[in-house]
Amino acid sequence: MLEMVPPHARRRPVGTGSAASFLALLALAVQLSAGPALAQGTQLADWSDADLATAGALRDRALKGTSAYEHVSSLVTEVGPRLAGSPGDEAAVRWAMNRLGKLGFTGVRTQDVLVPRWIRGTTEVTLLGPAAQPLVAATLGGSIGTGEEGIEAQVVEVASLEALTAMQAGDIRNKVVFINQRMERTKDGASYGTTVKNRTQGASAAGNLGAVALVIRSVGTSDERFAHTGRMTYDVSAPRIPAFSLSNPDADTLSRQLKTNKQLRLRLKSTAREMPPAWSANVIGEIPGTDRAGEIVLLGAHLDSWDLGQGALDDGAGVAIVVEAARLISRLDRKPSRTIRVVLFANEEFGLSGAKEYARLIGDEQAKHVLAMEADTGIGPVIRLESQVAPEFLGAIEKMRAAMQPLPIEGGSNNASGGADLGPLRSLGVPVLDPVLDASLYFDVHHTMNDTLAKVDAKVLDQTVAAYAVAAYLAATKQGDFGRLAPVPFNR
Ligand SMILES: [Zn+2]
């Protein structure tokens with residue numbers, strides 16, 4: 001793993017491993033042999049002074065106020081929730097086509113994508129016994145329903161997915177498993193990665209041991225009564241059981257009751273059901289480059305959302321950030337030499353259908369994708385700039401970060417994922433830049449009915465747009481590229 005070089009360092013960063021050091025030396029040797037192309041001693045000039053000045057002006061322009069809030073507001077007001085394959089999803093595709101067209105993007109087009117179609121129906125979770133009461137719950141995305149008759153059974157609490165898989169079938173058979181693990185609040189949302197497996201894998205782990213249903217503590221940080229949905233999956237070989245989440249306060253209630261009543265029972269009812277797959281689409285629009293128009297800097301976000309809220313943060317904000325960053329660049333006098341391509345992906349939430357289809361359809365054009373960036377963690381601001389580029393280009397990433405100042409953005413690692421929708425592209429070898437957004441408050445509302453426009457702060461959104469616009473503009477004007485990553489199989 002490589003760390004960023006400090007801003008003052010002019011030399012190429014050298015990796016901790018000997019292979020990375022060798023690569024860095026090799027890169028230096030290649031540059032030394034390049035002769036006439038060299039500027040500033042042994043280093044290629046990544047950008048002209050005019051490019052850097054334009055990036056600075058672009059940043060200042062964005063910080064004065066952008067139209068990003070207006071884009072989110074329009075999406076959630078005119079479309080609202082847009083679960084993959086739903087009428088809202090279809091409306092979102094139409095909205096995006098119109099919006100990109102009106103904003104002056106060129107080559108506005110769709111790519112048809114087949115998406116799974118799941119309907120939530122109604123959810124009822126009731127605590128039985130002496131303190132009987134309804135609990136605030138959500139059916140997890142992709143769960144089967146319970147049937148009209150519902151399910152009533154005793155509850156067994158476990159601390160984590162690992163604790164569940166270590167249990168014996170005798171402890172769990174014919175019971176409801178309750179995974180009670182709290183997601184911790186962190187600035188970069190890292191705790192999501194450790195708790196989300198309860199949601200994705202819990203039902204099959206419990207089903208394998210003979211449980212009749214799964215209930216988890218919401219994978220979210222809110223102390224309010226908002227249950228968190230999100231995708232779950234079934235192992236092919238495991239019995240399928242319905243899966244629910246409880247809001248954090250309701251998970252507390254259940255756990256407290258269980259301390260004094262081991263026989264406690266729950267009644268669960270869900271009318272969730274799967275429908276045949278439906279058509280959706282990726283929506284694409286471009287800001288054309290000048291002399292290297294065939295080369296692409298990709299800005300991605302996803303157009304679909306969960307059904308409970310309005311998808312204002314997830315991922316209306318991301319859509320607004322990338323659309324507005326590209327729009328601001330299109331208004332510059334000094335045009336970028338590469339094309340900036342905005343891709344609004346279909347169905348991220350239910351299995352990355354749009355991202356996979358985009359990567360499948362690009363064919364040889366993948367080699368022309370110079371850098372890809374995604375926005376999918378709310379409004380921001382950007383707190384850290386991570387990347388996954390060929391190590392010899394980390395100096396350029398550092399200069400991009402410097403161009404974002406005075407925004408207080410730290411340097412980060414060079415092993416960034418770049419985001420879910422960039423996975424298939426990254427696996428083809430496309431380098432990624434990953435502006436890490438402040439997610440301290442994001443997981444309070446993510447995937448809940450509280451994901452509404454009320455949580456979008458226009459000023460913060462403008463700061464994020466400023467960072468994305470600077471990065472996209474510099475990537476689209478840079479002399480030379482960011483190298484390529486080693487291709488790896490994509491399995492998700
Ligand atoms: Zn998202």
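Note that the coordinates shown come from a computational prediction; the quantities given were computed from them, not determined experimentally. Ligands are counted one by one from 1 in listed order, and the atoms in each one are counted from 1 as well. We use all heavy atoms of the structure for the numbers below, so side chains are in, but hydrogens, waters and symmetry mates are not.
- Under the 30°/60° scheme for interplanar angles, the aromatic rings of W118 and F350 are found to be tilted.
- Within D314, the N, O or S atom at minimum distance from the Zn ion (ligand 1) carries the name OD1.
- Not one N/O/S atom of D315, from backbone or side chain, sits under 2.8 Å from the Zn ion (ligand 1).
- Under the 30°/60° scheme for interplanar angles, the aromatic rings of F393 and F482 are found to stand perpendicular.
- Looking at R120, H446, R199 one by one, the single match for side chain to side chain donor-acceptor pair (under 3.5 Å) with T229 turns out to be R120.
- The Zn ion (ligand 1) has D376 among its coordinating residues (N/O/S atom, backbone or side chain, under 2.8 Å).
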Between side-chain atoms of residues 75-84 and protein atoms elsewhere (two or more places apart, or another chain), which donor-acceptor pairs fall under 3.5 Å?
residue : atom : partner : partner atom : Å
T77     : OG1  : S73     : O            : 2.5
E78     : OE2  : S74     : OG           : 2.9
R82     : NE   : L303    : O            : 2.7
R82     : NH1  : G80     : O            : 2.8
R82     : NH1  : Q310    : O            : 2.9
R82     : NH2  : G311    : O            : 2.7

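- For residue H302, an N/O/S atom approaches the Zn ion (ligand 1) to within less than 2.8 Å.
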